Amino acid sequence: MLRKVSEILTIVVLLTALCVSAEDKVINIWEGTGCGEKVKLTSYPASGDRNPACIVCPGGSYFWLDRETEGKGVAKWLQSNGISAYVLEYRVGGVPAFITHYRLLSRGHRFPDMLQDVQRSIQLLRENAAEFGIDPDKLGVMGFSAGGHLSAMSGIFFDTNFMKPLGITPEVSLKPDFIAPIYPVVSFTDCSTHKRSRRGALGEGRAISKEMKDSLSLEKHARPDMPPTFLMNCIDDPVVNYRNSELLDSAMTAAGAKHRYVQFRTGGHGFGATPEKTTAEAITWKEDFIKWFKTLFK
């Protein structure tokens with residue numbers, strides 16, 4: 001009897017270890033660089049080898065991160081569809097900065113920290129693609145809300161190495177092979193601006209200058225050589241005004257940038273890939289994305 005219990009416990013331990021290695025392998029992206037920051041990239045590898053891969057950027061107004069719904073939940077969905085997912089806990093202002101405005105006196109975390117984190121993640125995954133079992137030429141960035149703004153930045157400012165001040169010059173391209181801004185923050189100047197995200201990204205006081213607001217209003221920087229883009233939002237979004245996505249759609253159309261824009265009348269905000277947190281209408285974005293994704297690499 002004791003032997004059987006021991007065998008069962010051993011199996012449980014082994015299965016647990018396998019689950020952790022498959023779903024909870026955490027990488028400190030700045031380890032060994034002298035950067036001094038600790039930023040987590042958690043892997044959710046799909047089965048097989050040379051899989052397409054996607055960096056997932058949760059939302060949270062650039063002050064916090066929705067690690068569950070827009071992080072882990074999205075990653076598991078992508079993983080189940082043969083796409084290896086990597087949840088990035090990029091640097092944000094933090095709750096103390098939201099409450100106290102301490103960044104008037106101390107820099108804290110602000111732009112370009114979060115874009116450095118995305119670019120470093122792209123670099124690491126491409127340079128170590130064989131180890132991760134992914135195809136370095138099928139690597140994208142998906143983001144939600146403020147994370148959607150970040151994913152779009154990665155597809156617009158890819159030819160600027162924001163890691164250069166840190167002494168890092170990648171030998172691989174920093175351009176994603178696709179991006180997916182989902183109910184994203186887009187503008188920092190339009191009347192539809194999500195001001196909390198703007199403050200989270202830029203800081204306080206004079207840091208929120210006209211020049212910085214213009215530079216990160218993404219509708220002003222759409223370009224024809226952006227990676228293929230999947231854009232989605234809902235008209236009844238109570239957090240980020242739906243006009244944000246319309247501005248980006250119009251700008252990309254005018255620039256001749258390849259993209260698909262899906263807009264729903266209902267669905268709200270912050271639902272990620274979770275059906276229970278949105279409408280039957282809006283959750284179909286997942287099917288739309290997978291169909292679109294399958295057309296990219298034929």
Side-chain angles (χ1 to χ4, degrees), residues 30 35-37 39 57-65 88 90-120 141 143-168 174-175 179 181 183-223 225-226 231 233 237 239-252 254-255 257:
W30 295 110
C35 175
E37 298 285 355
V39 175
C57 301
S61 303
Y62 283 130
F63 275 112
W64 45 79
L65 296 171
L88 176 62
Y90 56 91
R91 285 172 284 174
V92 292
V95 174
F98 174 68
I99 295 173
T100 67
H101 302 271
Y102 80 85
R103 291 182 299 171
L104 281 167
L105 302 174
S106 176
R107 181 185 184 278
H109 286 147
R110 63 180 71 182
F111 180 84
D113 295 358
M114 61 287 289
L115 189 49
Q116 289 177 338
D117 293 341
V118 173
Q119 289 193 337
R120 176 64 174 167
V141 182
F144 300 79
S145 195
H149 183 268
L150 181 55
S151 69
M153 282 202 294
S154 75
I156 290 174
F157 304 129
F158 57 83
D159 49 4
T160 298
N161 175 20
F162 286 91
M163 298 181 288
K164 191 173 183 180
L166 304 175
I168 299 174
L174 296 176
K175 181 179 180 179
I179 58 173
Y183 43 80
V185 173
V186 172
S187 184
F188 281 0
T189 57
D190 188 73
C191 61
S192 63
T193 294
H194 189 244
K195 294 181 180 178
R196 185 170 66 229
S197 292
R198 182 174 69 188
R199 178 179 155 234
L202 297 182
E204 307 288 344
R206 293 181 180 178
I208 309 179
S209 65
K210 181 181 184 302
E211 291 75 19
M212 286 303 298
K213 288 190 289 185
D214 285 342
S215 68
L216 297 188
S217 289
L218 304 184
E219 76 277 13
K220 298 184 178 184
H221 303 284
R223 47 195 285 185
D225 57 346
M226 288 175 65
L231 173 65
N233 78 319
D237 191 324
V239 179
V240 176
N241 190 302
Y242 73 91
R243 180 169 165 75
N244 277 265
S245 290
E246 291 186 345
L247 286 171
L248 185 56
D249 170 52
S250 295
M252 293 187 71

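What you see is a predicted model; the values in this text were computed from it and never measured.
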### Query
Between CG of Leu150 and CE of Met153, what distance do you get to the nearest 0.5 Å?
5.0 Å
### Euclidean distance, Asn233 CG relative to Glu246 CD, rounded to 0.5 Å
7.0 Å
Given side chains that start at C-beta, do those of [X] and [Y] come closer than 4.5 Å, heavy atoms only?
X	Y	value
His194	Ser61	yes
Val239	Arg196	yes
Met226	Ile156	yes
Phe157	Leu216	yes
His109	Glu37	yes

What closest approach, in Å, do [X] and [Y] show between heavy atoms, and which atom pair accounts for it?
X	Y	result
Gly203	Ile208	O-CD1, 3.3 Å
Ala146	Gly60	CB-N, 4.4 Å
Cys57	Val141	SG-CG1, 3.9 Å
Leu231	Pro184	CD1-CG, 3.6 Å
Ala152	Pro181	CB-CG, 4.2 Å

Set of side-chain contact (heavy atoms from CB on, under 4.5 Å) partners for [X], sequence neighbours left out:
X	answer
Ser209	Glu211, Met212
Lys175	Phe158, Ser173, Asp225, Pro227
Asn161	Gln119, Met163, Lys164, Thr169, Pro170, Leu174
Val92	Leu65, Tyr90

Check for a donor-acceptor pair, side chain of [X] on one end and backbone N or O of [Y] on the other, with a separation under 3.5 Å.
X	Y	answer
Asn244	Val186	yes
Ser154	Ser151	yes
Ser187	Thr189	yes
Tyr102	Gly108	no
Asp237	Tyr242	no

### Task
Evaluate side chain to side chain contact (heavy atoms under 4.5 Å, CB included) for Phe188 paired with Leu202, printing each intermediate quantity in order.
CA-CA 10 Å; Phe188 281 0; Leu202 297 182; 4.2 Å; yes
Applying salt bridge (Lys or Arg N to Asp or Glu O under 4.0 Å), can you list everything that pairs with [X], at least two apart in sequence or on another chain?
X	answer
Arg107	Asp113
Asp190	Arg243
Arg110	none
Glu204	Arg103, Arg199

Applying side chain to side chain donor-acceptor pair (under 3.5 Å), can you list everything that pairs with [X], at least two apart in sequence or on another chain?
X	result
Ser245	none
Trp30	Asp117
Arg198	none
Thr193	none

### Message
Does the plane of the ring in Phe98 sit parallel, tilted or perpendicular to the ring in Trp64? Use 30° and 60° as the thresholds.
### Response
perpendicular
